[in-house]
Trainee: 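Dumping the structure here so I can ask a few things about it.
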Amino acid sequence: MVLDNDDETALRLTRMLRTLGHDPFVAEARYYLEDLQEHGPFHLVITEIFLKDISGLQVVLGVKGLDASIKVVAMSGGAPPALSDDYLDYAREFGADAVVRKPLDVERLDALLAGIGQADGPHRRPDASVTSRIV
């Protein structure tokens, strides 16, 4: 599942995930828990920390509270670096499996997913008939 305030960033991220063989699902931040339950199973949530409707820190806690096996990547790029770094540190303390500053490119995203064990998991599409999703 991908959560980001900026539609262009969310679209770019979903394109990169598809390039890497994943089936991304973009959710509205305020409905992320409902989407996790209704459209899953999900193996990974990638969330902006500074969302409009809800804090990315709340997303980290909510996802891990719902299912601790779901990997969570917290990202930031819009706030001043010192503030972003502080919040990304908090995200890790709240249970995020990885944190990253934007912008991401496909190689960096692939390495990030490999680092948290999501490069070749059940969410990866070996062919178009597989329907499990990466969040």
Side-chain angles (χ1 to χ4, degrees):
M1 181 177 285
V2 174
L3 299 157
D4 200 292
N5 292 328
D6 182 64
D7 291 339
E8 187 174 319
T9 300
L11 180 60
R12 192 171 338 114
L13 187 55
T14 59
R15 285 180 180 156
M16 287 189 286
L17 288 165
R18 283 190 184 104
T19 297
L20 295 172
H22 301 284
D23 187 14
F25 178 90
V26 177
E28 286 187 54
R30 66 179 167 231
Y31 301 119
Y32 81 97
L33 280 175
E34 291 90 345
D35 286 336
L36 281 171
Q37 295 170 341
E38 292 176 20
H39 301 285
F42 293 104
H43 306 279
L44 177 70
V45 173
I46 301 175
T47 184
E48 166 65 43
I49 284 294
F50 299 104
L51 296 167
K52 292 177 188 168
D53 298 324
I54 187 171
S55 165
L57 297 175
Q58 289 174 289
V59 171
V60 173
L61 287 173
V63 169
K64 290 300 187 172
L66 181 66
D67 183 345
S69 71
I70 298 174
K71 301 293 185 182
V72 178
V73 174
M75 61 183 178
S76 180
L83 182 61
S84 288
D85 291 345
D86 285 346
Y87 274 82
L88 290 173
D89 287 342
Y90 296 145
R92 192 179 303 276
E93 290 176 24
F94 284 22
D97 297 282
V99 298
V100 65
R101 292 202 35 82
K102 295 185 225 174
L104 285 170
D105 60 30
V106 102
E107 292 82 16
R108 193 168 165 216
L109 179 61
D110 194 34
L112 178 73
L113 296 178
I116 60 171
Q118 293 298 298
D120 295 310
H123 60 283
R124 193 159 185 126
R125 287 183 313 198
D127 61 50
S129 66
V130 176
T131 59
S132 63
R133 297 183 182 254
I134 188 169
V135 178

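Atom set for the values below is all heavy atoms of this structure, side chains included, hydrogens, waters and symmetry mates excluded.
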Trainee: Examine distances only and state if a side-chain atom of N5 and a backbone atom of F50 form a donor-acceptor pair shorter than 3.5 Å.
Mentor: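 Answer holds: yes.
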Trainee: If you take all heavy atoms of Y32 and G62, which pair is closest and at what distance?
Mentor: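 Closest approach of Y32 to G62, heavy atoms only: OH-CA, 3.4 Å.
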Trainee: Using the side-chain contact (heavy atoms from CB on, under 4.5 Å) rule, pick out the option among D7, L3, L11, T14 that qualifies with V26.
Mentor: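 By the side-chain contact (heavy atoms from CB on, under 4.5 Å) criterion, V26 pairs with just one of D7, L3, L11, T14: T14.
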Trainee: What's the spacing between S55 OG and Y90 OH if we round to 0.5 Å?
Mentor: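 The distance works out to 11.5 Å.
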Trainee: Would L104 end up clustered with V106 when hydrophobic side chains under 4.5 Å apart are linked, directly or stepwise?
Mentor: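 Cluster IDs for L104 and V106 match.
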Trainee: Hey, are the side chains of L66 and Q37 touching, using non-hydrogen atoms and a 4.5 Å cut-off?
Mentor: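 Yes, their side chains come closer than 4.5 Å.
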Trainee: Has D97 got a side-chain atom pairing as donor or acceptor with V72's backbone, closer than 3.5 angstrom?
Mentor: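 Side chain of D97 to backbone of V72: a pair is present.
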Trainee: Do L44 and I116 have side chains that get closer than 4.5 Å, going by heavy atoms?
Mentor: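 When only atoms from C-beta onward are counted, I116 and L44 do touch, with a gap below 4.5 Å.
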Trainee: Knowing that exactly one of L109, I49, L13 qualifies, which makes a side-chain contact (heavy atoms from CB on, under 4.5 Å) with M75?
Mentor: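 Passing option: L13.
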Trainee: Kindly indicate, with the supporting measurements, whether the criterion side chain to side chain contact (heavy atoms under 4.5 Å, CB included) is fulfilled by L113 and H22.
Mentor: CA-CA 11 Å; L113 296 178; H22 301 284; 3.6 Å; yes
Trainee: Examine distances only and state if a side-chain atom of R108 and a backbone atom of P103 form a donor-acceptor pair shorter than 3.5 Å.
Mentor: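 Checked: pair present.
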Trainee: Among pairs that include at least one residue of residues 26-42, which meet salt bridge (charged side-chain N to carboxylate O under 4.0 Å, His left out), considering only residues two or more places apart or in two chains?
Mentor: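 Qualifying pairs: E28-R30, R30-D53.
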Trainee: What heavy-atom pair brings L88 and A74 nearest, and what distance separates the two atoms?
Mentor: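 The answer is CD2-O, 3.6 Å.
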Trainee: Hey, are the side chains of L17 and I46 touching, using non-hydrogen atoms and a 4.5 Å cut-off?
Mentor: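 They are in contact (side-chain heavy atoms under 4.5 Å apart), so the answer is yes.
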Trainee: Can you name the residues that form a side chain to side chain donor-acceptor pair (under 3.5 Å) with D89, not counting sequence neighbours?
Mentor: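 So D89 forms no side chain to side chain donor-acceptor pair (under 3.5 Å) with any residue.
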Trainee: If every non-hydrogen atom of A98 is compared with every non-hydrogen atom of L112, which pair is closest and at what distance?
Mentor: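 Closest approach of A98 to L112, heavy atoms only: CB-CD1, 3.7 Å.
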Trainee: Minimum heavy-atom separation for I70 to K64, with atom names?
Mentor: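 It is O-NZ, 2.8 Å.
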Trainee: Are the charged groups of K102 and D4 less than 4.0 angstrom apart, N to O?
Mentor: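 Yes, this pair counts.
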Trainee: Search all heavy atoms of I54 against all heavy atoms of A29 and return the closest pair with its distance.
Mentor: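 Scanning both residues completely, I find the closest heavy atoms to be CG2-CB, 3.6 Å.
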Trainee: Work out which heavy atom in A91 is nearest to a heavy atom in V60; give both atom names and the distance.
Mentor: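 Minimum heavy-atom separation between A91 and V60: O-CG1, 3.9 Å.
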